[in-house]
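Only this structure's heavy atoms are used, side chains among them; waters, hydrogens and symmetry mates stay out. Lettering of chains follows the sequences in order, A, B, ..., and the numbering in each one begins at 1.
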Number of protein chains: 2
Amino acid sequence: MVTLKQLAKELNVSISTVSKALNNSEEIGEETVKRVKELAELYNYKPNKVALSLKQNKTKTIGVIIPDILNHFLAKVLFGVEREATKYGYNIITCISNESLEQEKESLRLLANGSVDGFILCLAEETQVKNEIEHFKKTISQGLPIVMFDRVAHDVLCDKVIVDDFDATYNATKSLLLEKRKNIVFISTLDGISVGKLRERGYRKAILETNTFEPLVLKIKKKDDQQKKIMSFFKKNTTIDGVIAADSSSGIIALNTGVKLGLKVPKNMSVIAYASKSDSFHTIPKLTTIRQHAKEIGANAAQLLINRLQNKSIEIDVKTKIVKTTLIKSKSTL
Amino acid sequence: MVTLKQLAKELNVSISTVSKALNNSEEIGEETVKRVKELAELYNYKPNKVALSLKQNKTKTIGVIIPDILNHFLAKVLFGVEREATKYGYNIITCISNESLEQEKESLRLLANGSVDGFILCLAEETQVKNEIEHFKKTISQGLPIVMFDRVAHDVLCDKVIVDDFDATYNATKSLLLEKRKNIVFISTLDGISVGKLRERGYRKAILETNTFEPLVLKIKKKDDQQKKIMSFFKKNTTIDGVIAADSSSGIIALNTGVKLGLKVPKNMSVIAYASKSDSFHTIPKLTTIRQHAKEIGANAAQLLINRLQNKSIEIDVKTKIVKTTLIKSKSTL
DNA sequence: GTGAAAGCGCTAACAA
DNA sequence: TTGTTAGCGCTTTCAC
């Protein structure tokens, strides 16, 4: 990479003259500016990012820590963050915590050495289970702002972007009840994490309000064979006529299993799942989905962080933004 | 963040003494080392990454440019890269080209300012269609090594990690022929990119060798309704008894559509798709898949790059690593 | 209109 | 054993 020094030497001027010329300073003579710019162009000069970061004490880089990149929702949020950040000239350093508290701490620690100006993150499952938050507080007290999304720690004072999990699941369940469904099951693989609990509660509230049947919950562990679990559950519970799935995989498999067992969907059984558009194509009939607008969540998180980074005025108040889900009716419901 | 300067001041020693003490230099007295380390611990001192990067002229950061983070295969590769890079103390800056040549160029340009030590990338579709490679050559000539994976530009001299697409598809097709399938269709959404073409060729070769029926190819565009396309294709071609899908979505939808139309899978029709394990659960019966070992591809790419970065000896020879796919037989084939 | 010098945080050669 | 100095690439203040 060419440096100012090299340009200066070749042009027989000082480094500061070159710097000023390239930054369109008024001080420098027209002729000089022209000469400098031409040579810079020729050598494809670009200001060294690292030097700038050191000088200005900011990196224009955001650390993003997510529990699992293979989770479609989280990948989509990352996409939203990246796109929004790029707009404002920020880069993204991505770390994957693998749902592990230790890795989450380590990533935070490693990047809190001047590598990034702030963090956007989604809590690891283990972090939520153990309810550890000290590492977040420490990071923030070091002057690195954090924005949490989806799975957040309410006891940490920072900006947050969340989903209306409770309401959305409540409303989805209600909509099945309106279809006169009499035996709706809630299927979930998200037992450990906050959003999973919220979704279950939303479901339970809707069911309990009807006063006609008891909540019925099927929890599936990561290591289980999801297909077998759901199949044997359906065989045991033959009167199931509705499914609320907390994750896309459960929804897709539940629908396919119902069809396999001879149920007509949505005539005999309705299915609603938290899932994305592309997931909804993986069943016939197409899946009715609760969309979380992951890209928007990412974009919002990025905006909140960048705002905080660029606001010189010390804003003390933290914001929590709720990105509302949308129930997209398709062919798996009446 | 605390700096050496602040520690030095508080300890009444010079900056270099502090630096040496923290780096376990033999030069410094035991007592001093102890005092320094204690204070550093107390203040949670961490060497400023940016300053180190500037000093050592390397960032220990890798730029990763991928066309689409929502593509499960690419996300998984990114995961592999991240994990391997982390092992060696490297960070990952992720850029998403959105299959656009312009964005790919821009990302390369933006990071080639000292932000990263090298690149790992997968070509955007547009880049492959237009066959542009100048930006890669320029980057390499600036001293930034590139490792390409999956979709690569053969005319660029750099390390590469690829998949045995041609052979894998040829073999998969062969295996359906061994099942005495008489009318096998190749379904793909990957028309523009190199791997899509390779897969189609592998299929064609296997079919043409049999000399019993003509290759039959269904190409689906991004904007098409994949379900409708496949459904109407199946209705028109009622003798289809085998499917080779170049992508997971096509495979899943083809299988589900076959079942919907009353075909027994695998009795009346076999399906094989390029897909991951989790995809294979989205059909009943479970999908037979060609696994690409995406994580390994990522890990290999990271290794190749880090090797090159750390090898002081100017290695001129470039390597191309082929990560072989595996055909995982499941219930959608005989 | 141009240049010298300081400083961002750090390391390392050299001096004391 | 400890300190001084230079330098990584850049911006910016202050002299000329």
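Listed for the A:D159 side chain is a donor-acceptor partner under 3.5 Å among the backbone atoms of A:K319. Here the side chain of B:K76 pairs no donor or acceptor atom with the backbone of B:G298 at under 3.5 angstrom. Judged by distance alone, the side chain of B:D117 and the main-chain N or O of B:T59 form a donor-acceptor pair under 3.5 Å. Under a 3.5 Å cut-off, the side chain of A:N113 and the backbone N or O of A:S115 do form a donor-acceptor pair. Counting only distance, with no hydrogens or angles, the side chain of B:Q103 and the backbone of B:N98 share no donor-acceptor pair below 3.5 Å. Of the possible polar contacts, none joining the A:E125 side chain to the A:E99 backbone as a donor-acceptor pair under 3.5 Å is found.
In this structure, B:E84 does not pair ionically with B:K295, as no charged nitrogen and carboxylate oxygen lie closer than 4.0 Å. Electrostatic pairing of A:K34 and A:E38 counts as a salt bridge here, judged by a charged N lying under 4.0 Å from a carboxylate O. With respect to the salt-bridge test (charged N to carboxylate O, under 4.0 angstrom), the residues A:K130 and A:E126 qualify.
When distances run from any side-chain atom of B:S14 to the nucleotides D:dC10, C:dG9, D:dT4, the shortest one goes to D:dT4. Side chain of B:L54, nearest nucleotide from D:dG3, D:dC8, D:dC10: D:dC8.
Here the P atom of nucleotide D:dG9 and the CD1 atom of A:I15 are 10 Å apart, to the nearest Å. We find that CG of A:N12 is positioned 16 Å from C1' of C:dG1, with the value rounded to whole Å. Across the protein-nucleic acid pair, B:Q6 atom CD and C:dC8 atom C1' stand 12 Å apart, rounded to whole Å. Here the C1' atom of nucleotide C:dC8 and the CG atom of B:L4 are 13 Å apart, to the nearest Å. Taking atom NZ of B:K58 as the reference point, atom C1' of C:dC10 lies 15 Å away to the nearest angstrom. If you take NZ of B:K49 and C1' of D:dC8, they are 16 Å apart, rounded to a whole angstrom. Atoms CG (B:L7) and C1' (D:dG3) sit 17 Å apart, rounded to a whole Å. For the pair A:Q56 CD and C:dG9 C1', the computed distance is 15 Å after rounding to whole Å.
Among the atoms of the strands shown, only primed sugar atoms or phosphate atoms (P, OP1, OP2) are found under 4.0 Å from some heavy atom of A:N48. The residue A:V50 sits apart from the nucleic acid: no heavy atom pair falls under 4.0 Å. In this structure, B:L52 reaches the sugar-phosphate backbone alone: every heavy-atom distance under 4.0 Å involves primed, P, OP1 or OP2 atoms, never a base. If you check every strand for non-hydrogen atoms under 4.0 Å, B:T3 touches sugar and phosphate atoms only.
Counting only N and O atoms by type, the side chains of B:E10 and B:Y43 include a donor and acceptor under 3.5 Å apart.
The base of D:dG9 does not come close enough to the side chain of A:K55 for any donor and acceptor atom to sit less than 3.5 Å apart. Interface remark: the A:K20 side chain does form a donor-acceptor pair with the D:dT13 base, using a distance-only criterion of under 3.5 Å. If you check distances only, the side chain of A:S16 does reach the base of C:dA4 with a donor-acceptor pair under 3.5 Å.
In the helix from C:dG1-D:dC16 to C:dA16-D:dT1, the rotation axis of the first five pairs and that of the last five pairs differ in direction by 60°, rounded to 10 degrees.
Scanning residues 23-36 of chain B for heavy-atom distances under 4.0 Å to DNA chain D yields B:E27, B:I28, B:G29, B:T32.
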